[in-house]
Amino acid sequence: MIKINKGKRFQQAVDAVEEFLRRAKGKDQTSSHTSADDKSRRNSSEERSRPNSGDEKRKLSLSEGKVKKNVGEGKKRVSSGSAERGSKPPLKRAQEQSPRKRGRPPKDEKDLTIPESSTVKGMMAGPMAAFKWQPTASEPVKDADPHFHHFLLSQTEKPAVCYQAITKKLKICEEETGSTSIQAADSTAVNGSITPTDKKIGFLGLGLMGSGIVSNLLKMGHTVTVWNRTAEKCDLFIQEGARLGRTPAEVVSTCDITFACVSDPKAAKDLVLGPSGVLQGIRPGKCYVDMSTVDADTVTELAQVIVSRGGRFLEAPVSGNQQLSNDGMLVILAAGDRGLYEDCSSCFQAMGKTSFFLGEVGNAAKMMLIVNMVQGSFMATIAEGLTLAQVTGQSQQTLLDILNQGQLASIFLDQKCQNILQGNFKPDFYLKYIQKDLRLAIALGDAVNHPTPMAAAANEVM
């Protein structure tokens with residue numbers, strides 16, 4: 001697993017695991033020698049005190065064998081965790097790991113396992129908290145994409161956790177429940193069926209997207225503290241029950257989980273690293289969730305500085321527009337700290353109809369840019385088609401009716417075309433932001449030497 005392109009923290013984690021295994025092996029050998037010495041001393045003592053002690057020797061040997069077997073099993077559980085995970089169905093594995101931290105045994109097995117070293121504990125609690133094991137050959141999923149092998153569709157209507165691995169052919173694994181697909185739940189912000197978390201929530205940024213998100217968090221009973229660069233935007237939410245934070249640092253320091261949704265990479269960095277910024281309020285245990293649409297390098301940098309102060313980090317950009325934000329129908333793409341993702345469950349249910357967990361930090365940023373690249377290119381084509389219909393004397397309404405009866409039919413298509421036909425050009429997603437996302441998507445393609453000519457054309461139009 002050790003490769004040149006792996007990061008420094010990955011290498012440190014591997015070194016820590018190897019050191020732990022060496023120590024565990026040494027303890028096992030020491031324990032074996034001690035047991036052997038004790039056994040010989042007891043045998044000689046019993047032979048002197050009782051001439052016929054064959055039965056006692058056999059019992060003693062049998063009991064020692066059980067102890068060694070238990071120690072061996074405990075060691076096997078610690079050092080071969082990945083192999084055991086690979087032999088279980090994904091659903092069972094998710095259910096077994098959810099009540100406790102990964103790699104930690106249940107209470108009734110603590111005495112049988114070799115204790116973790118402090119180095120390993122520190123790694124698992126810090127940057128390595130989001131590490132995911134690669135699928136093994138024994139798992140049912142075939143042709144899994146090595147970059148996106150652990151996707152989680154949450155907020156479903158089933159009580160059990162639904163766990164899905166995305167394959168190259170987009171096949172959906174059949175779980176033990178018999179379900180052949182994972183359906184997103186209806187918007188819980190509409191039906192009001194969620195139980196709000198008891199954690200204090202902070203929110204930074206009350207723009208087109210942030211305003212709808214905060215409104216739905218408050219409707220669902222969350223305790224929310226808000227901050228915005230333009231303070232007047234906070235007034236409406238304070239009337240609805242929100243608390244006012246004077247600075248980002250104050251919001252983070254007084255809240256358990258702080259969300260942020262700002263316009264671009266520069267704004268995201270300034271919010272964290274600037275005067276009275278988020279970083280000044282971070283201390284061990286504080287959680288920061290960045291919902292801004294930025295590039296992977298920016299979000300990785302922010303994650304590193306947050307984790308370096310003992311904080312927990314999750315990226316969670318959202319797909320949607322102002323109307324979907326107001327309706328609580330956003331799609332949330334998350335990556336980073338898996339435990340924090342689960343802690344945000346009720347918040348994500350309040351603001352969106354479904355959420356995806358995409359693994360390590362940076363994956364959500366990349367996926368979000370690709371999604372917006374597709375939408376931006378599609379929107380440019382829609383506008384071009386409608387204007388071409390107009391100048392050639394064709395009915396724009398008829399064009400829309402034809403498209404709605406064909407394979408391109410979608411809510412996005414219908415909404416955009418209806419707005420154009422009605423002359424409603426009020427933005428529900430600012431032009432400068434979609435152009436920013438197209439530009440970042442093109443840069444993402446450049447970084448991996450992959451051409452994006454359609455996105456480049458749409459970017460020129462925007």
Side-chain angles (χ1 to χ4, degrees), residues 170 184 187 205 207-213 261-267 291-295 317-333 352-354 365-448 450-462:
L170 299 180
S187 172
L208 286 181
M209 306 299 284
S211 296
I213 291 173
C261 188
V262 292
S263 58
D264 54 37
K266 182 180 183 304
M291 307 190 79
S292 312
T293 300
V294 298
D295 57 287
V318 293
S319 177
N321 53 34
Q322 184 180 27
Q323 187 60 50
L324 294 175
S325 175
N326 293 338
D327 295 341
M329 295 291 285
L330 297 170
V331 175
I332 300 151
L333 311 183
K353 64 177 180 179
T354 192
K366 294 173 185 176
M367 185 66 81
M368 189 73 258
L369 290 178
I370 295 169
V371 169
N372 283 357
M373 179 188 77
V374 172
Q375 290 186 348
S377 301
F378 187 41
M379 185 59 233
T381 302
I382 292 173
E384 191 170 289
L386 285 172
T387 54
L388 182 59
Q390 184 180 40
V391 298
T392 57
Q394 304 304 307
S395 167
Q396 292 179 321
Q397 180 62 58
T398 301
L399 172 62
L400 175 58
D401 294 340
I402 294 170
L403 292 174
N404 276 336
Q405 294 300 316
Q407 293 178 320
L408 290 178
S410 66
I411 296 174
F412 181 76
L413 171 72
D414 186 65
Q415 180 190 23
K416 292 297 182 183
C417 289
Q418 290 291 356
N419 286 343
I420 292 174
L421 294 177
Q422 295 168 12
N424 176 16
F425 299 106
K426 180 182 178 182
D428 58 7
F429 196 92
Y430 286 125
L431 183 67
K432 60 182 179 181
Y433 294 152
I434 192 64
Q435 192 276 321
K436 174 261 300 182
D437 293 345
L438 284 167
R439 175 169 46 83
L440 292 176
I442 294 169
L444 176 62
D446 289 343
V448 294
H450 183 77
T452 52
M454 309 315 297
N459 183 55
E460 292 301 316
V461 173
M462 300 299 181

Novice: May I have the step-by-step check of side chain to side chain contact (heavy atoms under 4.5 Å, CB included) for D264 and K432, ending in yes or no?
Specialist: CA-CA 10 Å; D264 54 37; K432 60 182 179 181; over 6 Å; no
Novice: Is any side-chain heavy atom of Q418 closer than 4.5 Å to one of L400?
Specialist: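 Yes; the side chains approach each other to less than 4.5 Å.
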Novice: Look up atom CG in L333 and atom CG in L369, then write down how far apart they are to the nearest 0.5 Å.
Specialist: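 Here the interatomic distance stands at 10.5 Å.
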Novice: For A458 and G376, work out which heavy atoms get closest and say how close.
Specialist: CB-O, 4.2 Å
Novice: Stepwise, does the side chain to side chain contact (heavy atoms under 4.5 Å, CB included) test hold for S319 with Q375?
Specialist: CA-CA 10 Å; S319 177; Q375 290 186 348; 4.0 Å; yes
Novice: Could you tell me whether the side chain of L438 reaches within less than 4.5 Å of the side chain of M462, counting heavy atoms only?
Specialist: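 Yes, close enough: below the 4.5 Å cut-off.
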Novice: How about OH on Y430, more than 12 heavy atoms from neighbouring residues, nucleotides or ligands closer than 6.0 Å, or not?
Specialist: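 Result for OH/Y430: open.
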Novice: Which atoms form the tightest heavy-atom contact between Q322 and M209, and what is the distance?
Specialist: N-SD, 4.0 Å
Novice: May I have the step-by-step check of side chain to side chain contact (heavy atoms under 4.5 Å, CB included) for L444 and D295, ending in yes or no?
Specialist: CA-CA 8 Å; L444 176 62; D295 57 287; over 6 Å; no
Novice: Which residues pass the side chain to side chain donor-acceptor pair (under 3.5 Å) test with Q397, sequence neighbours left out?
Specialist: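 Side chain to side chain donor-acceptor pair (under 3.5 Å) check on Q397 returns D401.
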Novice: What's the spacing between Q390 CD and L399 CG if we round to 0.5 Å?
Specialist: 11.5 Å
Novice: Stepwise, does the side chain to side chain contact (heavy atoms under 4.5 Å, CB included) test hold for Q415 with N321?
Specialist: CA-CA 11 Å; Q415 180 190 23; N321 53 34; 3.5 Å; yes
Novice: Under 4.5 Å between any side-chain heavy atoms of K436 and L440, yes or no?
Specialist: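 Yes, their side chains come closer than 4.5 Å.
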Novice: Which pair of heavy atoms, one from S211 and one from G207, lies closest together, and at what distance?
Specialist: OG-O, 2.8 Å
Novice: Tell me if the CE atom of M454 is crowded by more than 12 foreign heavy atoms within 6.0 Å.
Specialist: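 No.
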Novice: Can you see which heavy atom on L388 is nearest to which on T392, and at what distance?
Specialist: O-OG1, 2.7 Å
Novice: I need the minimum non-hydrogen distance between N459 and R439, along with the two atoms involved.
Specialist: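 Scanning both residues, the minimum pair turns out to be OD1-N, 4.0 Å.
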Novice: Please round to the nearest 0.5 Å and tell me the distance separating atom CG of N404 and atom CD1 of I411.
Specialist: 11.0 Å
Novice: I442 and A456: which non-hydrogen atoms are nearest, and at how many Å?
Specialist: CD1-CA, 3.6 Å
Novice: Say you draw a straight line from OH of Y433 to OG1 of T293; how long is it, rounded to the nearest 0.5 Å?
Specialist: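 Between atom OH of Y433 and atom OG1 of T293 there are 11.0 Å.
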Novice: To the nearest 0.5 Å, what is the distance between CD1 on I213 and CD1 on I332?
Specialist: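 Rounded to the nearest 0.5 Å, the CD1-CD1 separation comes to 7.5 Å.
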Novice: Can you tell if the side chain of D437 reaches within under 4.5 Å of the side chain of M373, non-hydrogen atoms only?
Specialist: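 No. Closest side-chain heavy atoms not under 4.5 Å.
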Novice: Kindly compute the distance separating OG (S325) from CG (L208), expressed to the nearest 0.5 Å.
Specialist: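 Rounded to the nearest 0.5 Å, the OG-CG separation comes to 8.5 Å.
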